[in-house]
Amino acid sequence: TATGLFFAYAVLNGINLSTYFIIYDLGAAGLSFALKAAAHGHVTIVTKGAIEECNTNYAQGGICSVTYAPDTFEKHIRDTLICGAGKCDEKAVELVVRRAPELIADLIAWGTRFDKTPDGRFELNREGGHSEHRILHHEDLTGAEIERALVQSVREHPNITVLERHFAIDLLTQHHLGEFVTRHTRGLASFGAYVLNLDTNEIETMLAKFTVVATGGIARFVLPMCRHAKAMTENMEFIQFHPTTLYNPGEKPNFLITEAMRGFGAILRLPDGKEFMDKYHPMKSLAPRDVVARAIYREMTKRGSDFVYLDVTHKDPEAVKSHFPNTYDKCRSIGIDITKDWIPVTPAAHYCCGGVKVDTNGETSVKRLYALGETSCTGLHGANRLASNSLIEAVVYADQAARHTAPLLDKVDFQ
Ligand code: SIN
C-alpha cells in the first residue's frame, strides 16, 4: 500500500516517524489534541515560532459552557443557531454545546484557573448574542491562561516532542509517490509533511500515521497547503467582524475590547453621548456581533467618523479594573482611563468562520488528515460566530479527533 511504501522509505532512510504529527501555529486545539493523543502514541509538534506564540493568547473574553441554571443546552444551541444566521450545521452545534462541560473539566484538570465568585462558584460573563451568563473566564486574559496551562503540560509530557523553528511547507499524499490525484481520488490519504528547518535551512521529511493541522485562520499558510493536498474547504466567505476594537490609528493589529465589557454593562454611544443600539436590536449593545458591527459601521458612515464610543464610566471603578485589568492597562498606556473616559472603538475583521471542511471527528476529506480550531470548518459557526464559541469548539473537536484516531492506530500499516 502507499502507506507501507512511505513507512518503509522512512525506516530505511532514518526519517522522523511519529504516530501523530501536528502542524501547529496557533491555539488550544493542537495542544489539547497532543495531550490526549500522547496517551496512545508518540506525538511530534512542529511550529515555526515557539508554542507559546498563538492566537489563543489573545482571546480575552473566554470560553462558553452551560454551567448553572437557568442556563440550558437548548438555550446555548438556540443562541448559536441565531448568530449563525441559518448557516450552522446543527450536528456540530449539538456536539459542541453538549460536550462543553466535560472539556471544561479537562482544561481545569490541566491547570487552567477560571475566575470564581467569593462563594466558590464560577463567575460567568455574558457577551453579544448570549441569552444567559455562560462564559468562563480568567480576568480578561482567558486565552493566555488556557495556553499557559496547556503549554506547561505539553512541555512536561514524555511522549511529546516539540520542534520549534520548523515550518511545514507541503502535506504528503499519494501525489508524492507519483500518482495523479484530484479531490475526487478514492482513498486519498495523508502521510505527514515536508518541513523546513529554519535553523539548518534544510527540508526534512516527517512521516506519521495521523497528521493534524491546527494553525489558525484565513491569514495563515495552511489553507493553500491543504488545498494543494486536495482537502475540501467550506464557508470561506464568512468573515466574522468584532464590533469593538480600540481605535488607535497606527496600531496593527487592533487591540480588542472584549464583548464581556458590554456584558458587564458598558454602553455604546455616539460622539454626542446618545445611545444608538436600541434602534437596531432589542438586545441593544448585547445584540449578536454582526448586528452590532453593522450598526456601528452605519453610524460611523453617516457621520464620516472612524469610531464610536464604549462607555463603562458608570460602573464601579475598582470592579472595572479587577474585571478588565489588561484592557485598563492597555488604554491607560495611550492616555485613556476607562473608569473616567469613554473608549473610542471601531469594528475589525476578527475570525474566519470557514476553513478546511471536517466531519464530527475533525477529519478532512483527506484520510488521516485532521484540521482543528480556526483552520477547520466544523459548521458550528455558520455565517457568524457566537462570541466565545471558538475555544470550546477547538477543545471539543481535539477530543473528538483523539478518540477517533486511537482505535485506528493498529489499522494503519506502520512497517
Ligand atoms: C471577546 O472577548 O470579545 C472575543 C471573544 C470571542 O471572539 O470569542
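Whatever order the structure lists ligands and atoms in, that order sets their numbers, starting from 1. Below, all heavy atoms of this structure are taken into account, side chains as well, without hydrogens, waters or symmetry copies.
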Could you list the atoms of ligand 1 found under 4.0 angstrom from a heavy atom of E259? 1 (C), 2 (O), 3 (O)
Backbone or side chain, does any N or O of Q240 fall under 3.5 Å from an N or O of ligand 1? no
For ligand 1, the portion of R289 having any non-hydrogen atom under 4.0 Å away: side chain
What is the ring orientation for H137 with H323, classed by angle as parallel under 30°, tilted 30 to 60°, or perpendicular over 60°? parallel
Mode of L256 contact toward ligand 1 - side chain, backbone, both, neither (heavy atoms, under 4.0 Å): side chain
Partners passing side-chain hydrogen bond (donor to acceptor under 3.5 Å, both in side chains) against N235 (at least two apart in sequence or in another chain): none
Are side-chain N/O atoms of N384 and Q240 paired as donor and acceptor at under 3.5 Å? no
Just which atoms of ligand 1 are under 4.0 Å from any heavy atom in H242? 1 (C), 3 (O), 4 (C)
Interfacing atoms of ligand 1 (cut-off 4.0 Å, heavy-atom, E127): 2 (O), 5 (C)
Would you verify whether the NZ or CZ of K116 falls within 45 degrees of the ring axis of F122 while also being under 6.0 Å from that six-membered ring's centre? yes
May I have the list of side-chain donor-acceptor pairs in residues 310-317 shorter than 3.5 Å, sequence neighbours left out?
unit_1, atom_1, unit_2, atom_2, d
D311, OD1, T313, N, 2.8
D311, OD1, T313, OG1, 2.6
D311, OD1, W342, NE1, 3.4
D311, OD2, R269, NE, 2.7
D311, OD2, R269, NH2, 3.1
D311, OD2, W342, NE1, 3.4
H314, NE2, G265, O, 3.0
K315, NZ, F264, O, 3.2
D316, OD2, A319, N, 3.2

Does one side chain, of H130 or N125, offer a donor that lies under 3.5 Å from an acceptor on the other? no
Any non-hydrogen atom of A387 lying under 4.0 Å from ligand 1? yes
For R385, counting its heavy atoms only, list the atoms of ligand 1 lying under 4.0 Å from any of them. 6 (C), 7 (O), 8 (O)
Do the rings of F33 and Y20 sit parallel, tilted or perpendicular, given the 30° and 60° boundaries? perpendicular
Heteroatom distance test (N389, ligand 1): nitrogen or oxygen, under 3.5 angstrom: no
